[in-house]
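Heads up: the structure comes next, in structure tokens.
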Amino acid sequence: MANVVPRSFLQVAAKEEEAAPPLRVVQIEGLVILKIIKHCKEFSPALVTGQLLGLDVGSVLEVTNCFPFPVREEDEEIEAEGANYQLEMMRCLREVNVDNNTVGWYQSTLFGSFQTVELIETFMNYLENIKRCVCIIYDPSRSNQGVLALKALKLSDSFMELYRSNNFTGEKLREKNLSWVDIFEEIPIKVSNSALISAFMTELEPDTPVTQCDYERLQLSTNPYLERNVEFLIECMDDLSMEQQKFQFYYRNLSRQQAQQQAWLQKRRSDNMARKAAGEEPLPEEDPSNPAFKPIPEPSRLDSFLITNQISNYCNQINGVAGQSFSRLYLMKALQEN
């Protein structure tokens, strides 16, 4: 019988982490969603954030509790107070035997404008301490149209690898086969309630339930929402145009530098031919001290990728709201004719 080599707890835990399945579902308690909606709507249109607490179980990330972050200004002392507030909240939750494992954070957004460099940096800061995390995005302005605008996002593995190397040149992106749609991954959300809560909600539900959300779906006026989306879309198009001008300027400088290098090489080769004819040693054809051979740094494509993502988001929102508006108008027209 072969001898079984004993393994330590750390070795077993490391192997479990390597064999962990990919994240498939974010399971959120109904009470957590209500807390997020209440916090975001109370401070709307100001943007707020909060902590998500729960458990990471296999391919499911369970969110069982949350608490809001205090609204603070940009100040080092106030930021330190915010960090102390988070630690104190987690300590209090641990004392009352509530899940206090951090699994991510939630934040509100205005008309879906959330795809920024700050969001990516927050993801990377969280991933330094926990294995997996998600960001729950809630849009109160979109929810006013009768849709629960709640989505769970995470960074793709290929993008995180490239972000750590801080190399977003065109050559590297082609090598990794990474495009603007590969930055974020949206994880399906599953709402979970206990049996007692489900039974209680069934008892409260009337025979013909009509909720406020049902009335909101019948609103015909969507002009303010569409106008703001179009305004943000135009701003993003201007930003994308500025990013393209940066690359055009870079390629113009690159072509100008290549022309200078070719002219310098031709001159150096003709000088070397003359030196060889005179019996002298030829000069090297590479001169690092020459400004013409100094490499020009290529601009990062991260900002243009994020702007393109944001443009796609605005277009999808406009398309969805406009389609629903046409359906409502045709419905009202048919009702008036009848």
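Computed from a predicted model, the values in this text were never measured in an experiment. Hydrogens, waters and symmetry mates play no part in the numbers below; they use all other heavy atoms, side chains included.
Under a 3.5 Å cut-off, the side chain of T308 and the backbone N or O of S304 do form a donor-acceptor pair. The closest donor-acceptor contact from the side chain of S241 to the backbone of M237 lies at 3.5 Å or more, if one exists at all. In this structure, the side chain of S108 engages the main chain of V48 through a donor-acceptor pair within 3.5 Å.
Looking at residues two or more places apart in sequence or on another chain, you find a ring-ring contact (aromatic ring centres under 6.0 Å, His included) between W105 and F123, Y126. Take Y250 and apply the ring-ring contact (aromatic ring centres under 6.0 Å, His included) test, not counting sequence neighbours, and it matches no residue.
Note: S165 OG to K172 NZ = 6.0 Å, rounded to the nearest 0.5 Å. Expressed to the nearest 0.5 Å, how far CD1 of I120 lies from CG of L306 amounts to 4.5 Å. Rounding to the nearest 0.5 angstrom, the gap separating the CH2 atom in W180 from the CD atom in Q310 is 11.0 Å. N313 CG to F114 CZ: the interatomic distance, rounded to the nearest 0.5 Å, is 5.0 Å. The line from CG of N101 to CG of N65 is 11.5 Å long, rounded to the nearest 0.5 Å. Put simply, CD1 on I36 and SG on C66 are 5.0 Å apart, with the number rounded to the nearest 0.5 Å.
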Fill in: Derivation of the salt bridge (Lys or Arg N to Asp or Glu O under 4.0 Å) call for D271 and K267
CA-CA 6 Å; D271 292 344; K267 184 177 181 302; 3.4 Å; yes

Worksheet entry | side chain to side chain contact (heavy atoms under 4.5 Å, CB included) between S192 and Q27, intermediate numbers included | CA-CA 6 Å; S192 173; Q27 181 175 302; 3.7 Å; yes

Worksheet item: When you look at L155 and M124, which way does the side chain to side chain contact (heavy atoms under 4.5 Å, CB included) test go after all the steps?
Response: CA-CA 9 Å; L155 292 178; M124 301 307 293; 3.8 Å; yes

Worksheet item: Can you list the steps and then say if N272 with R275 is a side chain to side chain contact (heavy atoms under 4.5 Å, CB included)?
Response: CA-CA 5 Å; N272 284 338; R275 291 175 67 90; 4.1 Å; yes

Worksheet entry | Worked check of side chain to side chain contact (heavy atoms under 4.5 Å, CB included) between I28 and V191 | CA-CA 5 Å; I28 309 180; V191 181; 5.6 Å; no

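You'll find the side chain of T102 reaches within 4.5 Å of the side chain of L53, heavy atoms only. Side-chain contact check for H39 versus F67: every heavy-atom pair is 4.5 Å or farther apart. A 4.5 Å side-chain heavy-atom check between I33 and I136 finds every atom pair outside the cut-off. The shortest side-chain heavy-atom distance between L173 and L162 falls under the 4.5 Å cut-off.
Of all heavy-atom pairs spanning R301 and T169, the tightest one is NE-C, 4.0 Å. For the residue pair L52 and V134, the shortest heavy atom distance occurs at CD1-O, 4.2 Å. The minimum heavy-atom distance between G54 and T64, with the atom names listed, is CA-OG1, 3.6 Å.
In summary, the side chains of N253 and R256 do present a donor paired with an acceptor at a separation below 3.5 Å, with no hydrogens or angles considered. With no hydrogens or angles considered, a side-chain donor-acceptor pair links D182 and S179 at under 3.5 Å.
Within 6.0 Å of the CG atom in N125, the count of heavy atoms belonging to other residues, nucleotides or ligands exceeds 12.
A salt bridge links R228 with E231; the closest basic N to acidic carboxylate O contact falls under 4.0 Å.
Exactly one of Q248, Q244, E243 qualifies for a side chain to side chain donor-acceptor pair (under 3.5 Å) with K246. That residue is E243.
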Donor-acceptor list for residues 314-323 side chains, cut-off 3.5 Å, not counting sequence neighbours:
residue: N316; atom: ND2; partner: S312; partner atom: O; Å: 3.2
residue: Q317; atom: NE2; partner: F111; partner atom: O; Å: 3.2
residue: Q317; atom: NE2; partner: N229; partner atom: OD1; Å: 2.7

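No continuous path of hydrophobic side-chain contacts links L55 to Y106 [ILVMFWY only; heavy atoms under 4.5 Å]. Hydrophobic clustering, with ILVMFWY side chains joined whenever heavy atoms are under 4.5 angstrom apart, groups F232 together with I234.
If you look at F184 and F305, their ring centroids are not closer than 6.0 Å.
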